Amino acid sequence: MTGGVNSFHVSGYGPERAGWTRLFARDSLARRLDWPILLAAIALSLLGSLLVFSATRNRTEINQGDPYYFLVRHWLNTGIGLALMIAMLWLGHRALRTAVPVLYGLSVMLILLVLTPLGSTINGAHSWIKLGGGFSIQPSEFVKLTIILGMAVLLAARVDAGDKAYPDHRTVLQALGLAAVPMLVVMLMPDLGSVMVMVVIVLGVLLASGASNRWVFGLIGTGAIGAITVWQLGVLDEYQINRFAAFANPELDPAGVGYNTNQARIAIGSGGLTGSGLFEGSQTTGQFVPEQQTDFVFTVAGEELGFVGGGLIIVLLGVILWRACRIARDTTDLYGTIVAAGIVAWFAFQSFENIGMTLGIMPVTGLPLPFVSYGGSSMFAVWLAVGLLQSIRLQRPLSA
């Protein structure tokens, strides 16, 4: 199966089916796209641009004296993300399958570069590569995708070929080994939040692949033991330990490690049902919530748009997850099912963790809110994932 528009079944039209008839024919690209996912993702990105603008327009220490600095860059990131989605759609997830080993190698190389002098530390995590001109890249965002793709290739190979009904133990071990390499490197940065997402991705992929449930329960048990061991050996940095301590006891140090969470809860709590109005939030205008354009962007929605605005974000994220689950269910090949399920696990956990930490029900881990938070690497990665979902939907039989 090759990529390109031919794989979308849109070729072969005669002159009599030109124009609108061709565009909206049953087997056309426009009709077969999953529009709820696309429109929900665009709505989230546009809503995110307003929240980012509200959080940064008065922050002269970071916006270089230009109130529109982050707004324009957020729009630029969204535009590039849409272009990447179209490129992924044109290529097709099946054609990408042959390139997965190369992509995996590149992603591992990039995260290894972070550990060299080329790496940069932002907010305590040494997980960035500075590119110059004010731009940087966070390779761990793309590793989430390559883990999904790599594991899907291994777990689905013999099943899709008809040799096996489900992945055997040897194949599962190989897939886990593939995921473990980048996860260990990311842990060394340390980027605990990304590692947590990757663990959930691995569990979601295994469940979707049909692997024995013993692997899932075994991994959960191993993860619990590993977390205790990491804590006891002092592998985590002090700021990470403090974040978990503040999560367990928000009153532990309200002016220190508990400050972010407490200010976030104040901002969201003050919004009430409909909020104080866009650009009118006292917590946001007063710059009381740190990293409000990235990790804590949901607090802007909670304060200025209230329960209605925050609920809208959650509903839009829910639409994406619902449609992605349908794509995973309806696709005819295991590879596509695993890829879609991995993306669902990724989006679901990262969204829950980000919103949860602003509400004080999850520890602060520095994860962006998909499509909403400011950040190029995150935006590019989630839009590439949308392109994969659309490709999986388009390459299923027309009767499905």
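Residues: numbered from 1 along the sequence shown. Not measured: the values here are computed from a predicted model.
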Counting N and O atoms only, with roles assigned by atom type, does the side chain of [X] sit under 3.5 Å from a partner on the main chain of [Y], one being a donor and the other an acceptor?
{"X": "Gln350", "Y": "Leu369", "result": "no"}
{"X": "Ser391", "Y": "Leu388", "result": "no"}
{"X": "Thr285", "Y": "Gly281", "result": "yes"}
{"X": "Thr171", "Y": "Pro167", "result": "no"}
{"X": "Thr146", "Y": "Tyr104", "result": "no"}
{"X": "Asp191", "Y": "Val186", "result": "no"}
{"X": "Thr78", "Y": "His74", "result": "yes"}

(message) side chain to side chain contact (heavy atoms under 4.5 Å, CB included), that's the test. Do Glu304 and Glu280 meet it? Break it down for me.
(response) CA-CA 6 Å; Glu304 298 186 347; Glu280 300 295 333; 5.7 Å; no
Taking Asp330 first and then Arg393, would you say they form a salt bridge - that is, a charged N and a carboxylate O separated by under 4.0 Å?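 No, no charged N to carboxylate O under 4.0 Å.
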Is the cationic atom of Arg97 (NZ for Lys, CZ for Arg) positioned less than 6.0 Å from the six-membered ring centroid of Tyr335 and within 45 degrees of its normal?
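Yes - Arg97 lies over the ring of Tyr335, closer than 6.0 Å to its centre and within 45° of its axis.
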query: Phe371, Trp35: one ILVMFWY side-chain cluster at the under-4.5 Å cut-off?
result: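 Yes, Phe371 connects to Trp35 through the hydrophobic network.
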### Query
Checking side chain to side chain contact (heavy atoms under 4.5 Å, CB included) for the pair Ile147/Val143: CA distance, chi angles, key distance, verdict?
CA-CA 6 Å; Ile147 286 178; Val143 169; 3.8 Å; yes
Of all the heavy-atom pairs spanning Leu71 and Ser49, show the shortest one and how long it is.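 Leu71 and Ser49 have their closest heavy atoms at CD1-O, 3.5 Å.
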- Message: With a 6.0 Å cut-off (strictly less than), is the heavy-atom count around CZ of Phe307, excluding the residue itself, greater than 12?
- Response: no
- Item | Side-chain heavy-atom pair Phe53, Leu50 within 4.5 angstrom cut-off | no
Given side chain to side chain contact (heavy atoms under 4.5 Å, CB included), test Ile343 with Ile201 step by step and report yes or no. CA-CA 8 Å; Ile343 293 171; Ile201 286 173; over 6 Å; no
Exactly one of Asn77, Leu145, Ile137 clears side chain to side chain contact (heavy atoms under 4.5 Å, CB included) with Phe380, and that residue is Asn77
